[in-house]
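Proteins come first, then strands; the chains are lettered A, B, ... in the order of their sequence lines, and each starts at number 1.
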Amino acid sequence: MFRDTSQIEAYNRFAIRAAQAQLWNEAIFRWKQVINVDPDDAKAHNNLGVAYEAVGNMDEAIAAYERAAELEPGNKYYRLNYRRCRIHLRRSGRDGEDASQPDEELPPTEQ
Amino acid sequence: MQITKFLTASFRLASGAGKFGILLAVLTLCGCGNAVTRVSIPVKVQSEIDISRYSNFAILPFVVEKQTAHNEKLPEEIGEEIAAILRRGLARQKHFEVVSTQETARLLTGETVGEEWLSDTEHLSQLGEYFEVKGIIIGSFRFYSDNRPRRYYGERYSVQRQRYVMDYQDYMQKTYLLSLRVIIIDVETEQIIWDKAYRRSTAEAHTIGSFIFSQAGPQANIIRELGKRAVSEFTRQISPHYEREDRYLVN
């Protein structure tokens, strides 16, 4: 589907523009395609997590954030998104686990 | 000779730093490294009360807290007006049903809501059964103003000195404060399930002349405005609503 990495980058940028325009379903579609080609693309997993969270698909959002943090444990933005998502879940009473210490569930950072 | 060498070395160093700066700028422009885009997403915030249980309310007129000596002279109907603002606010939420102002007035005929009602949960619970609601909302408010002399520093052009000079102006700052206490009583268990105070303030600047007029002028509009703001926060807390939160997309 993608000939080189620059096409993946362009696809990601397009998806970000869609997300900025609040076209979350379009963004989800794009990032899913990026992940289909490169399942280890951490930023696509993170961005997909944000998009899932925006449409209220919380379980998949958490899974996507966790995957992103697993692939790139040192990235502070992935951890930040994940933490905020867990805090939101806890506040809304939908989180069965204790979200006050979400960092403990993530792989340790390399920083 | 020494000076020439030193100058040459300094120039080379500066030239190297310049090149490094240009390289850094090019890398940044090319998007090397993780560029981040901040987006705000809608996040659903749940009600702080059990809305499946407390689906309908009767709202009683709010009472003035009498023990406070600083209370301004307030019109009698202001407590009822605050209750009406709250009724309108809650009636807009699809999760709640509220007993109308006319119905409340009709059912409360002959009764005078006083400060002693705030602690009489048994009586309020009986009233709730009479209204056929799950929860009774009652509350009190305190309104007062605080006056302080202030000094505003600015600049003015001095013709004599031909330049701007520091200057100041004295004025009176009048701050109005409204403290609104909102209580929800569970009709079935006679328990207080919500008891929070909401404080709102607004300030205005006065000269001596306008300050004297403001002391004598009506303050009902200010209370209404502050009441709306306090009530809106309470309504937001007990209703599910959306807020926006930032997340980070990585380019």
Side-chain angles (χ1 to χ4, degrees), chain A residues 6 8-24 27-28 30-31 34 41-58 61 64-65 68-69 71-72 74-95, chain B residues 23-55 90 93-96 134-135 182 184 186 189 191 193-196 198 232-251:
Chain A
S6 68
I8 295 181
E9 295 286 329
Y11 226 65
N12 186 43
R13 279 199 298 276
F14 184 89
I16 287 174
R17 279 204 297 275
Q20 283 175 313
Q22 305 292 311
L23 301 169
W24 293 107
I28 288 171
R30 301 274 167 169
W31 281 317
V34 172
D41 190 330
K43 61 187 176 189
H45 281 286
N46 169 75
N47 297 351
L48 187 62
V50 173
Y52 275 137
E53 205 186 339
V55 295
N57 203 340
M58 303 310 276
Y65 286 142
L71 291 166
E72 252 184 66
N75 192 304
K76 64 176 181 181
Y77 295 107
Y78 303 165
R79 302 171 71 81
L80 200 62
N81 284 337
Y82 176 71
R83 191 182 300 130
R84 285 184 180 179
C85 182
R86 289 294 303 274
I87 289 169
H88 165 60
L89 275 179
R90 186 183 47 155
R91 277 191 193 147
S92 61
R94 281 187 283 169
D95 195 5
Chain B
L23 183 69
L24 200 69
V26 168
L27 285 175
T28 312
L29 287 171
C30 287
C32 297
N34 274 351
V36 171
T37 305
R38 194 161 61 179
V39 288
S40 69
I41 62 166
V43 173
K44 193 173 185 182
V45 180
Q46 297 296 323
S47 163
E48 291 183 30
I49 59 166
D50 181 4
I51 52 168
S52 60
R53 181 178 167 88
Y54 304 105
S55 53
L90 280 187
Q93 309 294 324
K94 65 175 180 184
H95 310 278
F96 304 120
K134 300 278 185 198
V182 186
I184 305 178
D186 182 319
T189 60
Q191 295 293 310
I193 59 154
W194 189 277
D195 187 354
K196 276 190 186 175
Y198 301 86
S232 133
E233 193 189 339
F234 166 71
T235 311
R236 209 171 63 92
Q237 285 179 342
I238 68 161
S239 318
H241 61 278
Y242 281 93
E243 283 177 5
R244 295 200 81 83
E245 257 186 30
D246 284 344
R247 293 289 183 274
Y248 297 96
L249 297 172
V250 180
N251 296 332

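- For B:V43, the parts sitting under 4.5 Å from any heavy atom of chain A are the backbone and the side chain alike.
- The salt bridge (Lys or Arg N to Asp or Glu O under 4.0 Å) test applied to B:R236 returns B:E243, not counting sequence neighbours.
- Between B:K44 and A:H88, the shortest heavy-atom distance links the atoms O-CE1, 2.7 Å.
- Contact of A:R84 with chain B is made through backbone and side chain together, with heavy-atom distances under 4.5 Å.
- In this structure, A:N47 contributes its side chain and B:V250 its backbone to a donor-acceptor pair below 3.5 Å.
- For A:A54 against B:P42, the heavy-atom pair with the smallest separation is O-CG, 3.8 Å.
- By the ring-ring contact (aromatic ring centres under 6.0 Å, His included) test, B:F234 is found to be paired with B:W194, residues two or more places apart in sequence or in another chain being considered.
- The part of A:N46 that comes within reach of chain B is its side chain, from C-beta onward, which places non-hydrogen atoms under 4.5 angstrom from that chain.
- Once rounded to the nearest 0.5 Å, the distance linking CZ of A:R17 with CG of B:L249 reads 13.0 Å.
- The parts of A:N81 that come within reach of chain B are both its backbone and its side chain, each placing non-hydrogen atoms under 4.5 angstrom from that chain.
- The neighbour count for B:R38 CZ, taken as heavy atoms of other residues, nucleotides or ligands under 6.0 Å away, does not exceed 12.
- Rounded to the nearest 0.5 Å, atoms OG1 (B:T37) and OH (A:Y77) are 10.5 Å apart.
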